[in-house]
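This report refers to the structure that appears directly beneath it.
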Amino acid sequence: MSVPAKQIIIITGMSGSGKSTAIRALEDSGFFCIDNLPVLLLPKLTELAGSGQIERMALVVDVREGVFLKEAPRVLDEVRRAGHQVEVLFLDASDDSLIRRFSETRRRHPLAPTGSVADGIAAERGKLHDLREMADQVIDSSVLNVHDLKRLVQARFSPEPAAGPSLSVMSFGYRHGVPPQADLVLDVRFLPNPYFVPELKGLTGKNPKVAAYVLEREETQQFLDKVVDLCRFLFPRYQKEGKAYLTVALGCTGGKHRSVAIAAELTKRLQEEIPRIQLWDRDIEKE
């Protein structure tokens with residue numbers, strides 16, 4: 001008897017990169033979740049879930065698999081050939097970020113219980129190389145807090161049907177780095193900066209006075225018109241190629257004024273055309 005097709009999200013990645021946050025985010029979105037399932041049991045799990053009551057599953061597969069980790073690519077291919085939709089989400093972060101997180105939690109790295117965290121990270125990157133290469137999505141959590149990561153994972157793997165890709169519109173500050181997860185990066189530093197207007201400096205792009213200063217310019221309106229046209233052109237083509245999620249990042253110097261106002265306006269213009277859209281002001285609270 002054939003097993004009804006399932007949506008299966010495999011969460012993998014570096015220790016300390018946010019896998020626990022990601023699996024909880026999907027559990028909150030209605031996925032049946034298992035942390036640290038031996039990957040060899042995945043085909044049997046799909047059979048046991050074949051009644052149809054479990055349609056969406058999320059599983060964490062990482063270095064805790066031990067000697068079975070090398071079997072992961074073969075097992076995932078087997079499950080795909082059985083007709084299931086399998087997506088691999090790889091969570092990563094910079095070495096510095098991972099070392100800092102281990103230091104803050106006073107944990108030892110699972111691959112270096114008596115050695116340095118840096119040694120453990122290096123060993124783990126080697127063991128996870130094949131899974132990273134086959135990942136459908138890589139999220140770098142270096143600059144994300146747990147709330148940001150949860151929103152990002154839920155937006156990208158929402159079970160709600162959509163007529164097109166889900167979209168995240170993000171404002172950011174170049175001072176704090178370009179978002180590594182962005183698919184499109186647009187620079188709005190060509191516009192006058194409200195930071196240099198004394199009565200606007202202490203406000204953000206969410207304030208109507210700042211928004212008016214940024215948006216009530218001919219060049220801003222022309223820019224938004226062109227970006228909307230670009231999005232209308234790109235989104236159906238991304239969907240055709242199977243890309244279900246897209247992040248458009250708009251950057252200014254600090255991520256508090258121009259990019260915030262323009263991201264809000266772009267979201268407003270697109271929300272009637274795109275079923276799933278979220279706005280994220282990454283750096284608005286940073287100094």
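Atoms considered below: every heavy atom in the structure, side chains included; atoms not considered: hydrogens, waters and symmetry mates.
- Using cut-offs of 30° and 60° on the angle between ring planes, the pair His109 and Phe102 is tilted.
- Salt bridge status for Asp229 with Arg232: present, with a side-chain N to carboxylate O gap under 4.0 Å.
- With salt bridges taken as basic N to acidic carboxylate O contacts below 4.0 Å, none links Lys70 and Asp130.
- Distance alone, capped at 3.5 Å, places no donor-acceptor pair between the Glu27 side chain and the Phe32 backbone.
- Side-chain polar atoms of Gln221 and Glu219 form no donor-acceptor pair below 3.5 angstrom.
- For the side chain to side chain contact (heavy atoms under 4.5 Å, CB included) with Val79, the qualifying choice from Val39, Ile10, Leu45, Leu42 is Leu42, the only one to do so.
- The backbone N or O of Thr12 sits nowhere less than 3.5 Å from a side-chain atom of Asp62 that would complete a donor-acceptor pair.
- Residues Arg101 and Ser141 bring a donor and an acceptor atom of their side chains to less than 3.5 Å of each other.
- The backbone N or O of Lys6 sits less than 3.5 Å from a side-chain atom of His84, completing a donor-acceptor pair.
- Side-chain contact, Asn207 with Thr204: no donor N or O sits under 3.5 Å from an acceptor N or O.
- Leu59 is connected to Val138 through a chain of hydrophobic side-chain contacts under 4.5 Å among Ile, Leu, Val, Met, Phe, Trp and Tyr, so both are in one cluster.
- Using a distance-only test at 3.5 Å, with no hydrogens or angles considered, no donor-acceptor pair links the side chain of Lys256 to the main chain of Leu203.
- Between Leu279 atom CG and Lys268 atom NZ the span is 13.0 Å, to the nearest 0.5 Å.
- Not a single donor-acceptor pair under 3.5 Å links the side chain of Arg258 to the backbone N or O of Pro194.
- With sequence neighbours excluded, the residues satisfying side-chain contact (heavy atoms from CB on, under 4.5 Å) with Val143 are Arg282.
- Stacking of Arg237 on the aromatic ring of Phe235 is not recorded, the 6.0 Å distance cut-off and the 45° axial limit not both being met.
- Criterion: ILVMFWY side-chain heavy atoms under 4.5 Å apart, direct or through other members. Under it, Ile8 and Phe90 are part of a common hydrophobic cluster.
- Looking at Asn145, its side chain does come within 3.5 Å of a backbone N or O of Asp148 through a donor-acceptor pair.
- Thr247 places no side-chain N or O within donor-acceptor distance of the main-chain N or O of Asp183, the cut-off being under 3.5 Å.
- Using a distance-only test at 3.5 Å, with no hydrogens or angles considered, no donor-acceptor pair links the side chain of Ser171 to the main chain of Ala263.
- Screening Glu133, Lys127, Arg132 against His129 for a side chain to side chain contact (heavy atoms under 4.5 Å, CB included) leaves a single residue, Glu133.
- Contact check on Arg100 versus Asp96 returns no salt bridge, with no Lys/Arg side-chain nitrogen under 4.0 Å from an Asp/Glu carboxylate oxygen.
- With Ser29 contributing its side chain and Ala25 its backbone, the two residues share a donor-acceptor pair below 3.5 Å.
- Separation of atoms CZ (Phe223) and CG (Leu215) is listed at 11.5 Å; rounding is to 0.5 Å.
- Residue Tyr174 qualifies as enclosed at atom OH: its count of foreign heavy atoms under 6.0 Å is above 12.
- The pair Lys206-Asp281 meets the salt-bridge criterion, since a charged nitrogen lies less than 4.0 angstrom from a carboxylate oxygen.
- The pair Lys286-Asp283 meets the salt-bridge criterion, since a charged nitrogen lies less than 4.0 angstrom from a carboxylate oxygen.
- How far SG of Cys252 is from CZ of Phe172: 8.5 Å, rounded to the nearest 0.5 Å.
- Here CD of Glu71 is found 11.0 Å from CG of Leu76. Values are rounded to the nearest 0.5 Å.
- Judged by the 6.0 Å and 45° rule, Arg217 forms a cation-pi pair with Tyr213.
- Residue His257 holds its NE2 atom at 7.0 Å from CG of Asn193, rounded to the nearest 0.5 Å.
- Ion pairing between Arg269 and Asp225 holds under the 4.0 Å rule for side-chain N and carboxylate O.
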Begin with the C-alpha distance, continue with both residues' side-chain angles, and end with the deciding distance and a verdict on salt bridge (Lys or Arg N to Asp or Glu O under 4.0 Å) for Asp35 and Lys19.
CA-CA 9 Å; Asp35 189 3; Lys19 298 190 296 294; over 6 Å; no
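- From Cys231, atom SG reaches atom CG of Leu246 across 7.5 Å, with rounding to the nearest 0.5 Å.
- Panel note: side chain Asp92, backbone Asp140; no donor-acceptor pair is recorded below 3.5 Å.
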